[in-house]
Structure formats: C-alpha cells, structure tokens
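Let me begin by presenting the structure, written as structure tokens, before commenting on it.
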Amino acid sequence: MLEIYNESIRDLLAPGRPNSFDMTTSKQYTIKHDSHGNTTVSDLTIIDVFSIADVTNLLEKASHSR
C-alpha cells in the first residue's frame, strides 16, 4: 500500500516506518508501466493476506502510518 504525497511515494506498510513524513530518509522508488497498461512500483513492502481480518489489520496499520 502506498501513498503519493507532494509527488513522493511513501510505503505505508514498511517496517519501522515513522509516522511523520521526513524527506531526508524517504526511499526512492521506481515506477514502471508495461505494454499491457499495468503499473508497478519497485521495493514496496509485500505482505501475504489469507483472510478479511488480515486485510483489515493492514488497512489499520497503513492508516496509522499516514
């Protein structure tokens, strides 16, 4: 899950992510578009989910990171 803020990408699920936005420590991400119209962003945190509860917990975590 990501947020774009002031033209910068923030990984809202990154471990140990501070709650405040700090440009000096923000990671650089690469945005790629393929010929099928799909867009990917490099180096985002990937977490497998297996239930609705998992999704709800991740949404709460991302919300707190904003």
Side-chain angles (χ1 to χ4, degrees):
M1 184 173 296
L2 64 89
E3 173 180 65
I4 299 174
Y5 179 78
N6 286 338
E7 299 182 16
S8 296
I9 296 172
R10 301 188 326 167
D11 182 350
L12 297 177
L13 299 178
R17 185 179 138 41
N19 286 336
S20 62
F21 185 67
D22 183 0
M23 284 296 294
T24 61
T25 60
S26 69
K27 189 175 182 180
Q28 295 297 315
Y29 298 96
T30 303
I31 301 171
K32 294 183 181 180
H33 307 282
D34 67 17
S35 61
H36 301 288
N38 298 313
T39 302
T40 57
V41 179
S42 67
D43 299 324
L44 289 176
T45 302
I46 297 173
I47 300 173
D48 293 327
V49 294
F50 302 100
S51 68
I52 292 173
D54 291 346
V55 174
T56 301
N57 290 335
L58 289 176
L59 288 171
E60 288 177 15
K61 179 179 179 180
S63 178
H64 289 292
S65 293
R66 293 187 76 214

Pair up each side-chain donor or acceptor in residues 45-56 with any protein partner under 3.5 Å, not counting sequence neighbours, and list the distances.
unit_1: Thr45; atom_1: OG1; unit_2: Asp11; atom_2: OD2; d: 2.7
unit_1: Ser51; atom_1: OG; unit_2: Ala53; atom_2: N; d: 3.3
unit_1: Ser51; atom_1: OG; unit_2: Asp54; atom_2: N; d: 3.2
unit_1: Asp54; atom_1: OD2; unit_2: Phe50; atom_2: N; d: 2.8
unit_1: Asp54; atom_1: OD2; unit_2: Ser51; atom_2: N; d: 3.4
unit_1: Thr56; atom_1: OG1; unit_2: Ile52; atom_2: O; d: 3.0

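Between the NZ atom in Lys32 and the OG1 atom in Thr39 there is a gap of 12.5 Å [rounded to 0.5 Å]. Put simply, OG1 on Thr30 and CG on Asp43 are 7.0 Å apart, with the number rounded to the nearest 0.5 Å.
Proximity of Met1 to Leu59: side-chain heavy atoms (C-beta onward) are separated by under 4.5 Å at one or more points.
Heavy atoms only, all atoms of each residue included: Ile9 and Tyr29 are closest at O-CE1, 3.6 Å.
No donor-acceptor pair closer than 3.5 Å links the side chain of Asn6 to the backbone N or O of Ser8.
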